[in-house]
Amino acid sequence: ARLDGKGALSSRTIAMHYKLLSSMLNRAVRWQFVENNACSFVDTPKQKTKPQPILQEKDLARFLHLLLTTAPLRHQCFFMFAFTDGLRRSEIAGIDESAIDFDNGTLKIITTAVIGEHGNVIYKDETKTRESAATMYIAPTTLEITKQYIAEKKANESALHLPHCT
């Protein structure tokens with residue numbers, strides 16, 4: 001039960017607690033503090049998943065129209081990489097200009113970026129899975145929007161007498 005009295009723990013919380021406890025007991029077995037991991041004698045808790053809403057074709061078309069006609073280039077880039085190339089947020093946030101080959105229309109996914117505990121950005125030279133670290137083709141529309149965004153960013157930095165930051 002929750003300490004605040006607001007009902008039972010979620011299935012995700014229970015699964016996370018199980019995983020933590022099992023990991024600690026595995027370490028205790030390795031260090032020979034206990035003979036076996038008690039978690040291995042029970043079934044792993046199942047996580048209940050809620051169905052995620054999926055945009056219907058007309059809703060997606062409207063969203064893309066509004067995105068490409070009213071949103072800043074920065075947001076256009078972000079969403080187009082997600083929609084057309086299937087990139088995760090951390091992969092998009094980790095994109096550096098040097099990872100884009102504009103001549104061949106490819107992108108090398110090698111870095112991810114996440115928000116740290118104190119609100120700082122943490123760049124990691126790794127991706128969520130090995131398969132994510134790859135060179136992939138960029139959709140032509142996304143590539144064009146990215147070129148426009150970089151040009152806009154350079155112009156803004158120049159106007160403010162700032163060095164170009166990739």
Side-chain angles (χ1 to χ4, degrees), residues 10-24 26-27 44-166:
S10 73
S11 64
R12 183 175 190 277
T13 301
I14 293 168
M16 298 287 276
H17 287 179
Y18 172 86
K19 188 175 180 178
L20 174 65
L21 183 59
S22 181
S23 174
M24 291 174 9
N26 279 337
R27 176 94 19 118
T44 305
K46 301 292 181 224
Q47 290 188 52
K48 295 176 187 143
T49 57
K50 296 177 186 172
Q52 296 298 316
I54 298 172
L55 284 177
Q56 298 303 312
E57 188 176 348
K58 66 179 177 112
D59 298 324
L60 181 59
R62 178 166 164 65
F63 178 83
L64 286 173
H65 172 73
L66 290 172
L67 176 72
L68 297 175
T69 57
T70 63
L73 285 170
R74 177 180 185 177
H75 296 153
Q76 290 180 34
C77 262
F78 184 91
F79 283 103
M80 292 304 288
F81 272 117
F83 287 149
T84 62
D85 299 299
L87 298 185
R88 296 178 178 94
R89 283 181 300 197
S90 60
E91 294 167 342
I92 296 168
I95 293 174
D96 186 87
E97 283 177 46
S98 63
I100 302 172
D101 180 343
F102 288 99
D103 295 330
N104 294 313
T106 59
L107 169 66
K108 193 173 209 172
I109 303 292
I110 50 175
T111 305
T112 57
V114 294
I115 302 296
E117 199 173 301
H118 305 290
N120 55 322
V121 178
I122 300 170
Y123 290 95
K124 298 179 180 180
D125 289 333
E126 59 187 42
T127 56
K128 185 174 180 181
T129 64
R130 270 191 225 128
E131 293 78 26
S132 295
T135 299
M136 55 187 289
Y137 285 101
I138 304 172
T141 305
T142 305
L143 188 63
E144 188 54 40
I145 291 169
T146 304
K147 286 178 186 177
Q148 292 173 20
Y149 170 60
I150 291 171
E152 178 185 87
K153 186 177 173 189
K154 284 180 180 178
N156 290 341
E157 290 166 342
S158 178
L160 295 171
H161 305 291
L162 296 171
H164 179 57
C165 180
T166 63

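Just so you know, these numbers come straight off a predicted model, no measurement behind them.
The neighbour count for L162 CG, taken as heavy atoms of other residues, nucleotides or ligands under 6.0 Å away, is above 12. The 12-atom threshold is exceeded at CE of M136, counting heavy atoms of other residues, nucleotides or ligands nearer than 6.0 Å. Counting non-hydrogen atoms of other residues, nucleotides and ligands closer than 6.0 Å to CZ of F102 gives a total above 12.
Residues Q76 and Y149 have side chains not in contact (no heavy-atom distance under 4.5 Å, counting atoms from C-beta outward). Using a 4.5 Å cut-off on side-chain heavy atoms (C-beta onward), I95 and L87 make contact. Within the 4.5 Å cutoff, the side chain of K153 has no heavy atoms near those of the L73 side chain. Side-chain contact check for T49 versus R12: every heavy-atom pair is 4.5 Å or farther apart.
Atom OH of Y137 is separated from atom CG of N104 by 7.0 Å, given to the nearest 0.5 angstrom. L64 CG to D59 CG: the interatomic distance, rounded to the nearest 0.5 Å, is 11.0 Å. Going from atom NZ of K147 over to atom CD1 of I100 covers 10.5 Å, rounded to the nearest 0.5 Å. Rounded to the nearest 0.5 Å, atoms CD (Q47) and OG1 (T13) are 9.0 Å apart. Taking CD of E152 as the start and CD of E157 as the end, the distance is 10.5 Å to the nearest 0.5 Å.
Annotation: ring pair (Phe, Tyr, Trp, His ring centres under 6.0 Å) contacts of F81 (sequence neighbours excluded): none. A search for side chain to side chain donor-acceptor pair (under 3.5 Å) contacts involving T146 returns nothing, not counting sequence neighbours.
What you find for L60 and L55 is that their closest heavy atoms are CD1-CD1, 3.9 Å.
Judged by distance alone, with hydrogens and angles left aside, the side-chain atoms of S22 form no donor-acceptor pair with the main-chain N or O of Y18 at under 3.5 Å. Counting only distance, with no hydrogens or angles, the side chain of T106 and the backbone of T135 share no donor-acceptor pair below 3.5 Å.
For the side-chain contact (heavy atoms from CB on, under 4.5 Å) criterion with I145, the lone passing option out of T142, L143, T141 is T141.
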